[in-house]
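So the structure is just underneath, and the comments pick up after that.
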Amino acid sequence: MLEIQRIRTEKEAVIEGLKKRHFDAAPIVEALLTKDQEWRETKTELETISAELNQISKLVGELFQQGKTAEANDAKEKTAALKTQESELKDKVSALDAAILDFMYQLPNVPNKLVKAGKSEQENEIIDEVGSKHIFEGEALPHWEITKKYDLIDFELGVKITGAGFPVYKGKGAKLQRALIAFFLDEADKAGYVEHMVPLLVNEASGIGTGQLPDKEGQMYHCEVDDLYLIPTSEVPLTNIYRDVLLPNEDFSIKLTGFTSCFRREAGSYGKDVRGLNRLHQFEKVEIVRIEHPNNSEKALEEMVDHVRGLLSKLGLHYRILRLCGGDTGFASAITYDFEVYSAAQERWLEVSSVSLFNTFQANRLKLRFKTEDKKTQLAHTLNGSAMALPRIIAAMLENYQTDEGVVIPEVLHPYLNFTMID
RNA sequence: GGAGAAAUGGCAGAGCGGUUGAAUGCACUGGUCUUGAAAACCAGCGUACCGAGAGGUAUCGGGGGUUCGAAUCCCUCUUUCUCCGCCA
């Protein structure tokens with residue numbers, strides 16, 4: 001959620017910035033500011049009446065104390081009309097509140113200066129590509145055939161137990177996944193991210209805090225009996241650790257990491273994009289989250305990008321980095337870098353990580369602030385990134401490292417496994 | 001799951017219908033004193049919103065109600081603690 005002060009004072013810049021998303025904010029902003037003006041006027045009016053009412057009440061108290069019952073009763077009678085007015089104004093203010101919030105929820109984050117205007121993923125900028133395509137002697141099998149050949153993942157079994165999109169990892173498949181999780185967590189730990197193990201279900205306030213609610217309600221599984229949501233990413237519990245937090249000074253840099261399963265309904269997905277591990281309802285992911293001073297957040301973003309680069313390089317995967325154009329950047333994000341790994345058999349790029357800087361967009365909802373040198377409170381910046389999502393990494397590894405003898409395991413994972421080849 | 005108790009400022013803890021944004025202590029900040037420090041003394045010390053400012057409004061777990069007036073009374077939700085039950 002953007003800051004209302006910013007919309008008031010930098011209206012044109014906000015509208016202009018959102019054009020990079022091909023988002024016409026003008027009508028919403030205009031309507032919002034009209035309501036905001038009305039809200040402020042009504043609020044002032046309400047507070048004047050409340051002040052008057054408070055004063056009379058105080059007087060009544062004093063009069064009763066002095067035994068001047070008649071005068072006290074006189075004063076009491078004056079309040080009736082004021083009270084009616086007060087409650088009408090209260091209703092009006094809360095209606096305006098709701099209307100303003102509703103508009104606020106419709107405005108996405110303003111893109112960072114580096115973000116190019118654009119409508120869809122076709123316009124994303126490729127800012128780097130590392131490695132090269134694996135050359136295969138024979139035919140490269142897609143990962144869903146490799147997993148079947150070596151009995152690594154049983155998709156049908158998942159269908160039996162739960163439904164499509166809930167795979168069962170078996171034997172070396174399960175071990176490989178566990179090794180990758182440990183590797184990713186260890187790397188995050190070395191980079192200074194403090195490991196957390198967090199709840200997989202969150203309440204509504206947490207969903208709102210990081211922006212999943214109300215915008216993306218349909219994407220989350222909802223346990224209605226208890227009104228809890230299954231997390232679509234560990235960003236939600238990790239970032240919400242800092243909901244309603246006022247950091248005592250400016251000297252902070254908070255780095256968190258956590259491994260969780262993630263649950264996504266993926267309503268509306270279909271076709272070959274969802275084949276095998278490409279798109280699942282449940283998948284595993286190691287996330288990195290940072291809470292930073294606004295002056296340091298862009299540097300932090302670079303560090304996170306470098307961290308993910310490091311992971312992919314150590315695994316020896318051929319990858320590229322995209323800076324998403326305005327239209328493809330997530331609703332809450334100011335700037336997002338996507339990492340894609342080339343899938344040899346599918347002959348396409350698979351997104352394996354996404355690193356984003358949210359500026360104050362999440363912090364505003366979270367009420368995540370810090371005290372400045374001169375005792376002012378200011379919103380912090382939040383960032384997060386996948387480091388990394390498991391299924392597509394596994395898919396890419398299986399496809400790229402397949403040989404006639406079996407699938408070769410990259411060396412960095414050897415300490416975590418009691419085999420070096422899947423055969 | 002059943003029974004009971006509780007939730008007040010950074011912490012501890014009073015208040016239980018009126019002038020209480022809230023006693024007191026601790027912590028913290030500034031000052032006096034001191035060569036320096038401690039002690040003592042004095043002053044300050046939550047958050048959010050509206051307002052150019054003066055100032056105003058809200059806030060004693062959340063929401064609602066009673067009342068001229070609620071931290072205080074009522075309803076409801078949440079959380080915590082104690083006891084019982086169940087259980088990885």
Side-chain angles (χ1 to χ4, degrees), chain A residues 1-9 32-104 197-209 213-214 222-229 237 240-252 261 360 362-380:
Chain A
M1 192 161 66
L2 294 170
E3 290 160 85
I4 184 91
Q5 297 92 322
R6 180 173 178 195
I7 298 173
R8 282 184 201 142
T9 56
L32 171 66
L33 288 177
T34 307
K35 291 282 180 196
D36 180 55
Q37 183 62 32
E38 200 182 335
W39 178 83
R40 281 189 286 174
E41 283 162 11
T42 313
K43 180 124 178 162
T44 307
E45 210 178 321
L46 168 64
E47 289 182 355
T48 311
I49 286 173
S50 298
E52 206 172 324
L53 225 32
N54 285 344
Q55 217 159 16
I56 293 174
S57 299
K58 202 176 252 185
L59 181 69
V60 172
E62 282 167 27
L63 289 173
F64 271 123
Q65 210 101 60
Q66 294 162 14
K68 299 175 181 167
T69 320
E71 286 176 48
N73 284 326
D74 276 353
K76 263 165 89 164
E77 287 184 11
K78 284 197 286 184
T79 59
L82 287 173
K83 282 186 72 165
T84 322
Q85 274 189 65
E86 189 193 35
S87 89
E88 281 169 11
L89 287 169
K90 264 187 189 161
D91 290 347
K92 200 171 163 193
V93 167
S94 53
L96 286 166
D97 264 333
I100 290 167
L101 197 60
D102 189 53
F103 284 126
M104 297 290 286
M197 195 167 256
V198 291
L200 305 183
L201 281 85
V202 294
N203 57 30
E204 190 186 16
S206 293
I208 291 172
L213 295 173
H222 185 195
C223 302
E224 290 184 27
V225 192
D226 297 296
D227 198 19
L228 296 172
Y229 295 85
N240 270 283
I241 291 173
Y242 285 89
R243 170 155 51 84
D244 288 320
V245 167
L246 180 60
L247 299 164
N249 55 55
E250 304 200 43
D251 183 26
F252 64 92
S261 291
T360 58
Q362 286 185 328
N364 192 24
R365 284 203 198 177
L366 290 162
K367 292 202 182 65
L368 163 49
R369 298 158 301 168
F370 62 92
K371 277 264 190 238
T372 61
E373 207 70 49
D374 51 342
K375 304 282 182 218
K376 295 242 166 63
T377 47
Q378 201 183 326
L379 292 170

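In this text the structure is predicted, and so the values were computed from the model without any measurement.
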Rounded to the nearest 0.5 Å, what separates atom [atom1] in [X] from atom [atom2] in [Y]?
X	Y	atom1	atom2	answer
A:Leu59	A:Lys68	CG	NZ	9.5 Å
A:Thr34	A:Ile100	OG1	CD1	10.0 Å
A:Glu41	A:Leu46	CD	CG	13.5 Å

Write down the atom of A:Leu82, the atom of A:Ile49, and the distance for their closest heavy-atom approach. O-CG2, 3.7 Å
Is it true that A:Asn203 and A:Ser206 share a donor-acceptor pair across their side chains at a distance under 3.5 Å? yes
Given atom [atom1] of [X] and atom [atom2] of [N], what is their separation to the nearest angstrom?
X	N	atom1	atom2	answer
A:Leu96	B:rC49	CG	C1'	15 Å
A:Lys58	B:rA22	NZ	C1'	13 Å
A:Lys367	B:rC49	NZ	C1'	12 Å
A:Leu53	B:rU67	CG	P	13 Å
A:Gln378	B:rA48	CD	C1'	16 Å
A:Lys92	B:rC50	NZ	P	17 Å
A:Glu3	B:rA48	CD	P	13 Å
A:Leu246	B:rU59	CG	P	21 Å

Taking [M] as the reference, what is the distance to [N] when you measure between their [atom1] atoms (whole Å, please)?
N	M	atom1	answer
B:rA27	B:rC74	P	38 Å
B:rA3	B:rG21	C1'	37 Å
B:rG2	B:rA70	C1'	33 Å
B:rA23	B:rG15	P	14 Å
B:rC28	B:rG18	P	35 Å
B:rU67	B:rG17	C1'	9 Å
B:rU76	B:rG44	P	44 Å
B:rG1	B:rC77	P	13 Å

Taking for each residue the nucleotide of RNA chain B with the nearest heavy atom, is it A:Glu77 or A:Gly61 whose nucleotide lies nearer the 5' end? A:Gly61
5' precedence on RNA chain B between A:Glu62 and A:Asp36 (nearest-nucleotide basis): A:Glu62
Closest to the [X] side chain, choosing from [options]:
X	options	answer
A:Lys371	B:rG51, B:rC68, B:rU47	B:rU47
A:Trp39	B:rA48, B:rC49, B:rC68	B:rC49
A:Arg369	B:rC50, B:rC68, B:rU47	B:rU47
A:Arg8	B:rC50, B:rG18, B:rA48	B:rC50
A:Phe64	B:rC68, B:rA48, B:rC50	B:rC68

Partners passing side-chain contact (heavy atoms from CB on, under 4.5 Å) against A:Ser87 (at least two apart in sequence or in another chain): none
Are more than 12 heavy atoms, taken from residues, nucleotides or ligands other than A:Asp251, located less than 6.0 Å from that residue's CG atom? no
Do NZ/NE/NH1/NH2 and the carboxylate oxygens of A:Asp36 and A:Arg40 come within less than 4.0 Å? yes
In Watson-Crick or G-U wobble terms, both distances under 3.5 Å, what is the partner of [N]?
N	result
B:rC86	none
B:rU20	none
B:rA40	B:rU32
B:rU47	B:rA58
B:rU79	B:rA6
B:rA52	none

Could you list all N or O pairs between the protein and nucleotides 55-58 of chain B that sit under 3.5 Å apart?
unit_1 : atom_1 : unit_2  : atom_2 : d
B:rG56 : N2     : A:Glu47 : OE1    : 2.9
B:rG56 : N2     : A:Glu47 : OE2    : 3.4
B:rU57 : OP1    : A:Asn54 : ND2    : 3.2
B:rA58 : OP2    : A:Asn54 : ND2    : 3.4

Are the side chains of A:Ile4 and A:Arg8 in touch, meaning some heavy atoms are under 4.5 Å apart? yes
Taking only the side-chain nitrogens and oxygens of A:Lys83, find out if one of them lies under 4.0 Å from OP1 or OP2 of B:rU67. no
With respect to the phosphate group of B:rC49, does any side-chain polar atom (N or O) of A:Arg40 fall under 4.0 Å of OP1 or OP2? no
Could you point out which residue of A:Thr9, A:Asn364, A:Thr360 forms a side-chain hydrogen bond (donor to acceptor under 3.5 Å, both in side chains) with A:Glu3? A:Thr360
